[in-house]
Amino acid sequence: MLPSVAVPELPEVETVRRSLLPHLEGRRVVGLEARRVRLRQGIEPDEWRAFEGVVVRTIQRRGKYLAVTGDEVSAVLHLGMSGRLAVADPSRPHAAHTHLVVHLDSGRELRFVDPRRFGSAVVRPTRTLPLVPPFALLGAEPLDDAAGGVLRDAAGRTRVAIRNLQLDQTVLAGVGNIYANEALARAGIHPGRPANRLSRRRLDRLAWAVRETLEDAIAAGGTTLEDGGFANATGEAGNFAVDLAVYGRDDATCRRCGGVIRRVVLTGRSAYFCPHCQH
DNA sequence: AAGCCAACCTGGACGC
DNA sequence: TGCGTCCAGGTTGGCT
């Protein structure tokens, strides 16, 4: 059984970034509706007033965060577990749990919807972005060449399960439970294996598998599970769910060996793996 | 001090 | 049908 949520991880956030960019680049913010709602970091209407009049220069992604960047200030957004960003015509009715609406000089609007309220939406000075949380706390970008070395160094210093180390955003930024499990499957590594008991060679292989998995998922437009939880800025679903090797496939057949995929719980989070292919 | 774990929150799945 | 219970997940903060 697939879990009923499709949580945005790096490929989904990158997909949102790319689909958002043509609608936001060069556009001016001409109005805001910021509802004071308790997200993980609450939306503060006073703080959001600084975003009025901003001309969007670009959209950056760091880990699972997006920064909609103007010359002076940027909106730093995290989709949490259920967050969505959508560009829509104002005539379309607002979905439930719409916390933020940014009116653009194109006549359209950017909407931030997050039923489970694990997301965040704050405004920060653009020049300080790399220097303050959350960006300052994030580890390597898994798509960068430096990621392999960072993973190796971190693994040598801890005996936590490798799946849990992958979820540590201060090591690799942007990997969540779906892609952590998928990368381990590609690398043939058991999710519960202590990080410091993996050889350098196998860690390099894992870093490579993480990168490949994320790049494939980005190319597919992200993962949308059966409930249709994830969509890009224009409402399109992603196509990576059909390529999942282990995630959500407990008791199903391993496509490589024909064995049975298992689920175990590691520190409160499900891990999926093929006992025959992963050690 | 590393590492575990509860809390946050809601909708969907499931059992009775 | 309808109500209650459980579960998913990213991140933070508190505890050991």
- Message: Can you tell me how far apart CG (D89(A)) and CZ (R92(A)) are? Round to the nearest 0.5 Å.
- Response: 8.0 Å
- Query: With a 4.0 Å cut-off, would you call D204(A) and R152(A) a salt bridge?
  - Reply: yes
- Task: Mind checking S270(A) for me? I need base, sugar-phosphate or nothing, with any heavy atom below 4.0 Å counting as a touch.
- Result: sugar-phosphate
- Query: Just how far, in rounded Å, is C1' of dT10(B) from CZ of R84(A)?
  - Reply: 14 Å
What does the list of N/O pairs under 3.5 Å between the protein and nucleotides 2-6 of chain B look like, with a distance for each?
from, atom 1, to, atom 2, distance (Å)
dG3(B), OP1, T158(A), OG1, 3.1
dG3(B), OP2, T158(A), OG1, 2.8

- Message: Nearest whole Å is fine: how far is dT12(C) P from D168(A) CG?
- Response: 11 Å
- Item | Presence of Q169(A) side-chain N/O under 4.0 Å of dG10(C) phosphate oxygens OP1/OP2 | no
- Members of residues 147-156 of chain A that approach DNA chain B, where some heavy atom sits under 4.0 Å away: none
- Tell me which residues in residues 170-177 of chain A put a heavy atom below 4.0 Å from DNA chain C, sorted by number, or none. G176(A), N177(A)
- Sequence neighbours excluded, which residues qualify as ring pair (Phe, Tyr, Trp, His ring centres under 6.0 Å) partners of F112(A)? none
- Nearest whole angstrom, please: distance from the C1' of dC8(B) to the CG of D114(A). 12 Å
- Residue R116(A), side-chain heavy atoms: nucleotide from dA8(C), dG10(C), dT12(C) that is nearest: dA8(C)
- Of Q166(A), E9(A), E12(A), which meets side chain to side chain donor-acceptor pair (under 3.5 Å) against Y179(A)? E12(A)
- Task: Considering only NZ, NE, NH1 and NH2 on the basic side and carboxylate oxygens on the acidic side, decide whether E14(A) and R18(A) come within less than 4.0 Å.
- Result: yes
- Query: Can you check the R62(A) CZ to dG10(C) C1' distance for me, whole Å?
  - Reply: 17 Å
- Item | Nearest-angstrom distance from the residue atom CZ of F118(A) to P of dG11(B) | 13 Å
- What is the distance from CZ of R117(A) to C1' of dA7(B), rounded to the nearest Å? 14 Å
- Interatomic distance, CZ@R186(A) vs CZ@R205(A), rounded to 0.5 Å, equals 11.5 Å
Using atom types as modelled, flag every donor-acceptor pair under 3.5 Å from a side chain in residues 129-147 of chain A to any protein atom, sequence neighbours excluded.
from, atom 1, to, atom 2, distance (Å)
E141(A), OE1, R61(A), NH1, 2.9
E141(A), OE1, R61(A), NH2, 3.1
E141(A), OE2, R62(A), NH1, 3.0
E141(A), OE2, G63(A), N, 2.7
D145(A), OD1, R211(A), NH1, 2.8

- dC8(B) C1' sits how many Å from I43(A) CD1, rounded? 16 Å
- Item | Nearest heavy atoms of K64(A) and G176(A), plus distance in Å | NZ-CA, 3.7 Å
- Task: Specify whether H190(A) and F273(A) have parallel, tilted or perpendicular ring planes, treating 30° as the upper limit for parallel and 60° as the lower limit for perpendicular.
- Result: tilted
- Item | Length of the NZ-P vector between K64(A) and dT11(C), whole Å | 4 Å
- Query: Got a salt bridge between R124(A) and E47(A), using NZ or NE/NH1/NH2 to carboxylate O under 4.0 Å?
  - Reply: yes
- Measure from the side-chain heavy atoms of E9(A) and tell me the nearest of dA8(C), dG10(C), dT10(B). dG10(C)
- Can you establish whether the number of heavy atoms outside E72(A) located under 6.0 Å from its atom CD is more than 12? no
- Query: So, is H78(A) close to the dG10(C) phosphate, meaning a side-chain N or O under 4.0 Å from OP1 or OP2?
  - Reply: no
- Message: Other members of the hydrophobic cluster containing V101(A), with the 4.5 Å side-chain heavy-atom rule, please.
- Response: none
